[in-house]
Amino acid sequence: MNINYEIIILLLLCSLLSVIEVDFIKDKKYLFWKLSFYFSAFWFITSAVKYYLGYHKENLIESFWDMQFVTLVHYGVPLGVIAVLVPIILKLLFKEYAIKVIRYFDSALFFTLSFTFFFARKINNKTYCAAFLLAVIITLAAIVLKSYKGEAYIGRSDIKKTLVEIIPVLLLYFVTIVIYTPNELYLNNASDFPMSYWYFFWKLLLAGGIVTFFLLTGMLLYLNQKHMKLYRTLLFAFLTIGYIQGLFLNGSMGILDGTVNNVYSNFTLYINLGVWILLIGMIHIFSWKKYDAAQKLMKVISIWVILIQIVSLGTMIITSKNTSPKSEMTLTTEGMNEIGSKNNIIVFVLDKFDGSYVDEIIEEDPDFLQPLNDFTFYQNAVSEFCPTYDSIPFLLTGTEFIEDSSVDYVQYAYEKGNLLADISDCGYDIGVYTHKRYVAEEMKSIITNYEEGVKRTCTMGDLFSLMTQCSRYKMAPFAAKRYYIYDTSDIALLVVSDRIVNIENDLPFYHQLTEKGLQVSQSDAEGTFRFIHMHGAHPPYTMTEDFQYIEYDNRRDESWGNSISQWKGAVKIVYEYIRQLKELGKYDDSFIIITTDHGVTNALSDTDGSMLEISYPILFVKEPYETHEYMVENQAPVCHADIITTIRKQLGMNVPGRTLSEIECDEDRVRYMNNSMPDLLEIYEIDGDVRRISNWRLRNRTQRNLESVH
C-alpha cells in the first residue's frame, strides 16, 4: 500500500466512527450523506493543520509523503475524539433536523468544491479549505434563515427532467474546455507537443469523459434543487462568456515561452471585467425572472455552440498535416554520464544565460566563479543567433546562415559538411543532449544517443490538468489570465522519462549526476564529444541554487522570486560535473566549453531601429592542460563561430579562421547576430565591446514567411 494513502484510510475510519449512532438503523438511508459530511470535515481539519504547517500548494495526500506510523497516531487520536463529539454536538444543536443540516452542507460543499475544480489550477490544501469554509458560510446563512428545513432534493422521479436540463451544459463544458480548445492548440502547435496526436486525443477524451461522468453523478447525489438551478446557470454563464472571450475579445495573445506576456492596460482590464460582470448579471437575472424560458435558451445555445465546435474541430482534423504519427526517433540520456578515456570535448549550453547575469551573480556572491579558475572568461562574445531554434543547430554544425533564404535554417544546417560530421570523421563518440527538434534525423547514424522506438507517454491526470488550464487561459478575462498562464515547457514536461533528454528542467540531470556519477567509457573511440543543453537561465524559474523544485503555480512572472538562484543552480550543476571529472583524473586533459545559445530575448530595437537593449552570451573555455591560479578575463571580440573553429582545430583539422585564443584583445572586429524568427529576421552589427549599447546597430530587418515555429 502506498504510504501516501494511509491518511485517507485514517479519515475513513474516523468518518465511520462518527456515523455509528444509537439511531443508526433508523437513519440508514442517510448513511452515504453522513459519511460524506464527516469525511469532508475530517479532510478539512487535517488540511487546515497542514496548511498551518506550511503545506499551502500541496494537497492532503502530497502533504503526507513522508508519513510514519507515529504520524498516524498523532493525527488519529485527536481526530478520533472529534469523531465521537461532533455527532453528539449536532444532535444537541439541531435534534431531528441534524440530517437536514448535513445534507444541506453536502450540497453547498459540492457546489463550492466543484466550482473550485473548474477555476483553480489545483485543489490543494489552500483551495480546499477555502471551498469548505465558503460552504460553511452558505450553510450558516441557511440555518439563520431556516431555509435548510424545506429544501427539496433530486429524487428518482426528477432525474429524467434534471438530466435533460443539465446534460447540454455539461457537454458544453466537456466539448469546449476538454476537447475543442486543447485540440485546436495541438493542431496549431504540433511541434510543441511530444506525443502523437491520436494518443493525445483519445487520452484526453477518456479523461474528460470520466471527469464529466463524476461531475454529473455528484450533482445528482448532492445538490438540492435550488443549488442545482444556480449551478447550471452559473456554469452556462462562465462557459458562454468564456467562449465569447476566446473567440472575439482576446486579440493577439503573444508567445508563451515562460516570460511575461499579455500585460494589459488598466482601462482594458476594467472594461473587459465589466463586460463579464454585466453578462453574468444579465444571464442570472433572466434565469431568475424567466426560469423556463432561460432553461430552453441555455439548452439551445449550448447545443448550438457544441455543434459549431465539433464541426470546426472535424474540419481541422481532416485538413491538418499534424495528425499523422510522430517519429519515434529521439535523443536519449544514454551516455550522458560517460566520458572517454582520452580526448574529451565537453560543451555545456546553459539556455538564455545572458552575460549580464554573471554581473548580477558576482554582485551577490563575489567568489561564485572560483571553481572556474582554470578557465578563460571571454566577456566580449556574440552569439550567432537568437533565439534557441537556430542557435543550437549552429553550435552543432557551424553552417553559414544564408541571409536571404526563405528556407528554414535547420533544414539546411546539417547538409553537407558540418561540425558533427567532422567530429564523427575523426573517430569520436558523439553524444548530443538537447531536444530532437534541433537535430536533423540525418545525424542519427553518428549520434550514439539518437534512438528509434522510444515511446512518448504521459499520465491521464497530468494531460487533463494542463490542457484544461490552457482552455481556461484562453477563455478567462484579462484580469485572470495571469493565474492560468502556461508555457511550452509545461507541454514538453507532460512526457517525463529518464531516457528522454529534458531541457525544460535541469534537476533530472543533476540527480543522475549525483546518484549515478560520471563514468569513464570503455569505448575504443579516438575521443568523446558531449554537447549538453541545459535549461540554464531560461524562465520559468523552477529550480533553486540548492536544487529544490519550485511548484509551477507560483513561477509565472519572470521577475518573481529569486531568478539568480536558478542561474547559480545551473552553474553549480556544471561545477559538480567538473568536480567528478577531477575525481576521475579526466579534468586536466579535457577541453571544456561553457556557453549559452543566446542572451536575453527581449525586443532589442524599436520600429525605427533604435536600440533598446543588448543581448550577449556567457563564454568560459578551458583548453586541455590549461591551468592558472585565477580565472582569466579576456576582452577579445569573439563570437560563436570562433567556437566552431576552435573545436575543429582541436580535432587537428586544417581549417581557415582563428581559434578563440588567437584573437587579440584590442583588435577591431565587426560581428553580427541574427535575431531569426518565423516572420521576421533582424541582423545586428556589433562594432566594439558587446556590452555597450552604443556599439550595436540594426543593420537589416526583413519580413519572413517560415512555417516552422521557433
Side-chain angles (χ1 to χ4, degrees), residues 329 331-349 374-376 384 391-400 410 412-434 436 438-451 501 518-533 577-578 581 584-595 597 619-626 638-663:
M329 295 294 297
L331 293 165
T332 71
T333 56
E334 184 71 27
M336 197 172 187
N337 290 348
E338 290 185 357
I339 56 170
S341 58
K342 58 183 177 180
N343 300 328
N344 288 295
I345 301 175
I346 305 164
V347 180
F348 293 98
V349 179
D374 293 325
F375 284 71
T376 298
E384 196 77 13
S391 189
I392 293 296
F394 178 81
L395 288 169
L396 289 170
T397 66
T399 300
E400 182 180 357
V410 181
Y412 64 84
Y414 291 91
E415 295 177 356
K416 300 178 182 179
N418 63 72
L419 179 63
L420 285 182
D422 293 339
I423 296 172
S424 177
D425 290 343
C426 292
Y428 275 60
D429 175 78
I430 298 175
V432 176
Y433 304 96
T434 184
K436 186 190 73 168
Y438 306 129
V439 184
E441 287 193 11
E442 288 77 9
M443 297 292 102
K444 64 185 179 183
S445 61
I446 65 174
I447 297 176
T448 55
N449 63 307
Y450 214 151
E451 291 187 21
V501 175
L518 280 182
Q519 299 175 359
V520 178
S521 171
Q522 301 303 312
S523 170
D524 57 357
E526 291 297 318
T528 300
F529 177 78
R530 294 290 181 259
F531 184 94
I532 302 172
H533 181 187
Y577 194 102
I578 290 173
L581 276 178
L584 293 171
K586 302 308 301 174
Y587 170 75
D588 292 338
D589 61 352
S590 292
F591 183 25
I592 306 173
I593 298 171
I594 305 169
T595 187
D597 48 353
L619 179 55
F620 301 90
V621 178
K622 186 198 82 71
E623 297 190 15
Y625 302 104
E626 180 180 0
V638 299
C639 61
H640 272 171
D642 302 324
I643 296 177
I644 308 299
T645 302
T646 304
I647 292 175
R648 280 180 164 140
K649 290 195 174 183
Q650 179 66 31
L651 295 169
M653 298 178 63
N654 183 17
V655 293
R658 293 176 292 170
T659 64
L660 290 163
S661 60
E662 291 173 342
I663 299 171

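It should be emphasised that the depicted structure is a prediction, and the values quoted were computed from it without experimental measurement.
Using cut-offs of 30° and 60° on the angle between ring planes, the pair Tyr577 and Phe348 is perpendicular.
Here Gln650 pairs with Ile345, Phe591, Pro624 under the side chain to side chain contact (heavy atoms under 4.5 Å, CB included) rule; sequence neighbours left out. Shown here are the side chain to side chain contact (heavy atoms under 4.5 Å, CB included) partners of Ser661, two or more places apart in sequence or in another chain: Tyr378, Glu623, Thr659. Judged as a side chain to side chain donor-acceptor pair (under 3.5 Å), and not counting sequence neighbours, the contacts of Thr399 are Thr397. Judged as a salt bridge (charged side-chain N to carboxylate O under 4.0 Å, His left out), and not counting sequence neighbours, the contacts of Lys649 are Glu662.
The distance from atom CD1 of Ile423 to atom CZ of Phe531, rounded to the nearest 0.5 Å, is 10.0 Å. Atom CZ of Arg658 and atom OG1 of Thr645 lie 10.0 Å apart (nearest 0.5 Å). The OG atom of Ser521 sits 11.5 Å away from the NZ atom of Lys342 when rounded to the nearest 0.5 Å. Rounded to the nearest 0.5 Å, atoms CG (Leu584) and OG (Ser341) are 12.0 Å apart. Rounding to the nearest 0.5 angstrom, the gap separating the CG atom in Asp524 from the CD atom in Gln522 is 10.5 Å. With rounding to the nearest 0.5 Å, the separation of CE in Met443 from CG in Leu420 is 6.5 Å.
Counting heavy atoms of neighbouring residues, nucleotides and ligands inside a 6.0 Å radius, atom CD of Glu334 does not exceed 12 of them.
In this structure the side chain of Glu626 never reaches within 4.5 angstrom of the side chain of Asp374, judged on heavy atoms. Phe620 places none of its side-chain heavy atoms less than 4.5 Å from the side chain of Ile592. Between Ile430 and Thr448 the shortest side-chain heavy-atom distance does not fall below 4.5 Å. Counting heavy atoms from C-beta on, the side chains of Tyr625 and Asp589 come closer than 4.5 Å. Looking at Ile532 and Met336, their side chains come closer than 4.5 Å, going by heavy atoms from C-beta outward. Side-chain contact between Ile346 and Leu581 is present, with at least one heavy-atom pair separated by less than 4.5 Å.
Pairs engaging residues 417-433 under the side chain to side chain donor-acceptor pair (under 3.5 Å) rule: Asp422-Arg648, Asp429-Arg530 [sequence neighbours left out]. For residues 391-400, there are no salt bridge (charged side-chain N to carboxylate O under 4.0 Å, His left out) pairs, not counting sequence neighbours.
Shortest non-hydrogen contact noted between Leu395 and Val349 is CD1-CG2, 4.2 Å. Considering all non-hydrogen atoms of both residues, Thr434 and Val439 come closest at CG2-CG2, 3.8 Å. Closest heavy-atom contact between His640 and Asp597: CE1-O, 3.7 Å. Contact detail for Tyr450 and Glu441: the closest heavy-atom pair is OH-CG, 3.5 Å. In plain terms, the two heavy atoms of Ala525 and Gly427 that are nearest each other are CB-O, 3.5 Å.
Shown are Ile663, Ile647, Val621, Leu619; of these, the side-chain contact (heavy atoms from CB on, under 4.5 Å) with Asp642 is made only by Ile663.
A donor-acceptor pair is defined here as one N or O able to donate and one able to accept, closer than 3.5 Å; no such pair exists between the side chain of Thr528 and the backbone of Asn344. Of the possible donor and acceptor atoms, one in the side chain of Asn343 sits under 3.5 Å from a partner among the backbone N and O of Glu526. Side-chain atoms of Lys622 come within 3.5 Å of backbone N or O of Asp588 as a donor-acceptor pair. The backbone N or O of Leu396 sits nowhere less than 3.5 Å from a side-chain atom of Tyr438 that would complete a donor-acceptor pair.
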